[in-house]
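Each remark here refers to the structure printed beneath this line.
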Amino acid sequence: MSFFNSIGRSMQRNQRPPRRSTTPTSANFPSTDSLPPATPTSPSVPKPLYLCSPFVEAALVKGNFKTIVMLPKYADVMEWVAVNIFDFYQNLNQFYGVLAECCTAQSCPAMSAGPSLNYTWINQDRKSVQLPAPTYIDYVMTWVQNLLDDENVFPTKSGRDFSQSFPSTVKHVYRQLLRVFAHLYYAHYPQILHLRSEGHFNSLFAHFLAFGKEYELLDPKDIKGQPGAVVGVGALWEKWKEMGILESS
């Protein structure tokens, strides 16, 4: 699927969720960089729960996700990507809303996605800054909501076309949503298990990964860290490929 060589038409979608008005906004694209610490992680770090049986197998959908991300017949690729990104945002936002009370500046002083992977934010001065995870996530969710509400980015009225910059913009959105998924797996999977929602969350994330791979939104380095150093959800990506849940190529 060559998404980045396609230009689509306008689309109609359901009403969006309310704007997240409690957090500040940024006019800049968030950072695409990560800052691993200088010292390597100890090999004695225990295996994450999300990689352990039976949790890694928990799912609402059985089989390969390839079949549910394929472009439907007669559908426009821009419209298909837009409506799926909207749905991923809405579902992820609901999950984070449930877990938000567990994600505080004290418990999560950095936007970590693994013992050797922290994400940074680009502020209005174009400087890379470390933020507590709840602040980073609120910035992301507000930024994405503002884009979804912008008719110039996500057109909803008949006769409006997607802009030439839509593929680039939506790839930025995808990368930032991926970082939120990565943090929730790394820092808050025990709470997800406590809520008995691991099947729901695993299926949502597997769907998200399969969709990103199909439409060239997912850059493997975003989930694998530095070459030869698989971290966080990168290991989950590899495990699910072994299990046949995700495409191996």
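Sequence positions, counted from 1, serve as the residue numbers for this chain. All heavy atoms count here, side chains included; hydrogens, waters and symmetry mates do not.
- In this structure a side-chain-to-backbone donor-acceptor pair under 3.5 Å is missing from Y174 to E216.
- When the side chains of ILVMFWY residues are joined at heavy-atom separations under 4.5 Å, either directly or via intervening members, M70 and L246 end up in two distinct hydrophobic clusters.
- Using a 3.5 Å distance cut-off with no hydrogens or angles, the side chains of Y50 and E198 do not pair a donor with an acceptor.
- Across all non-hydrogen atoms, the minimal contact from L92 to L177 is CD2-O, 3.6 Å.
- D76 places a side-chain N or O within donor-acceptor distance of the main-chain N or O of M78, the cut-off being under 3.5 Å.
- Applying the side chain to side chain donor-acceptor pair (under 3.5 Å) test to N64 and every residue at least two apart in sequence or in another chain returns E247.
- The closest donor-acceptor contact from the side chain of N202 to the backbone of E57 lies at 3.5 Å or more, if one exists at all.
- P134 and Y96 get closest at one heavy-atom pair: CA-OH, 3.6 Å.
- For the atom pair NE2 of H183 and OH of Y136, the computed distance is 11.5 Å after rounding to the nearest 0.5 Å.
- When the shell of 6.0 Å around CE of M243 is examined, it contains more than 12 heavy atoms from other residues, nucleotides or ligands.
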If you apply the rule side chain to side chain contact (heavy atoms under 4.5 Å, CB included), what do you find for N91 with F208, and how did you get there? CA-CA 11 Å; N91 285 307; F208 180 80; over 6 Å; no

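- Closest non-hydrogen pair, P48 versus C52, comes out as O-SG, 3.3 Å.
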Let me check something: any side-chain donor-acceptor pairs from residues 98-106 under 3.5 Å, sequence neighbours excluded? List them with distances.
| from | atom 1 | to | atom 2 | distance (Å) |
| --- | --- | --- | --- | --- |
| T104 | OG1 | Q106 | N | 3.4 |
| T104 | OG1 | S107 | N | 3.1 |
| T104 | OG1 | S107 | OG | 3.1 |

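- If you look at F154 and F86, their ring centroids are not closer than 6.0 Å.
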Under the side chain to side chain contact (heavy atoms under 4.5 Å, CB included) criterion, do F201 and H188 qualify, and how do the steps go? CA-CA 12 Å; F201 198 64; H188 301 293; over 6 Å; no

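- Side-chain contact between I192 and Y185 is absent, with no heavy atoms from C-beta onward closer than 4.5 Å.
- In the hydrophobic cluster analysis, where Ile, Leu, Val, Met, Phe, Trp and Tyr join through side-chain heavy atoms closer than 4.5 angstrom, Y186 is grouped apart from Y189.
- For the atom pair I122 CD1 and Y139 OH, the distance stands at 13.0 Å (nearest 0.5 Å).
- D150 and N152 make their closest contact through OD1-N, 2.9 Å (heavy atoms, listed as atom of the first residue, atom of the second, distance).
- Remark: side-chain polar atoms of W80 are paired, donor with acceptor, to backbone N or O of V69 under 3.5 angstrom.
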Side chain to side chain donor-acceptor pair (under 3.5 Å) for Q176 and Y89? Distances and angles first, verdict last. CA-CA 10 Å; Q176 290 300 321; Y89 164 79; over 6 Å; no

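- One hydrophobic cluster, built from ILVMFWY side chains closer than 4.5 Å, holds both V129 and V180.
- Counting heavy atoms from C-beta outward, T135 and W121 have side chains that stay 4.5 Å or more apart.
- Atoms CD1 and NE2, from I68 and H207 in turn, are 4.0 Å apart once rounded to the nearest 0.5 Å.
- Judged by distance alone, the side chain of Y215 and the main-chain N or O of L71 form a donor-acceptor pair under 3.5 Å.
- Side chain of S203 to main chain of L60: a donor-acceptor pair is present (N/O by atom type, distance under 3.5 Å, no hydrogens or angles).
- In this structure, CG in L178 is found 7.0 Å from CG in L209, a value given to the nearest 0.5 Å.
- Note: R179 CZ to S112 OG = 12.0 Å, rounded to the nearest 0.5 Å.
- To the nearest 0.5 angstrom, W240 atom CH2 is 4.0 Å from L236 atom CG.
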For F65 and F211, run ring-ring contact (aromatic ring centres under 6.0 Å, His included): C-alpha distance rounded to whole Å, both residues' side-chain angles, the deciding distance at 0.1 Å, then the answer. CA-CA 8 Å; F65 276 78; F211 191 88; over 10 Å; no

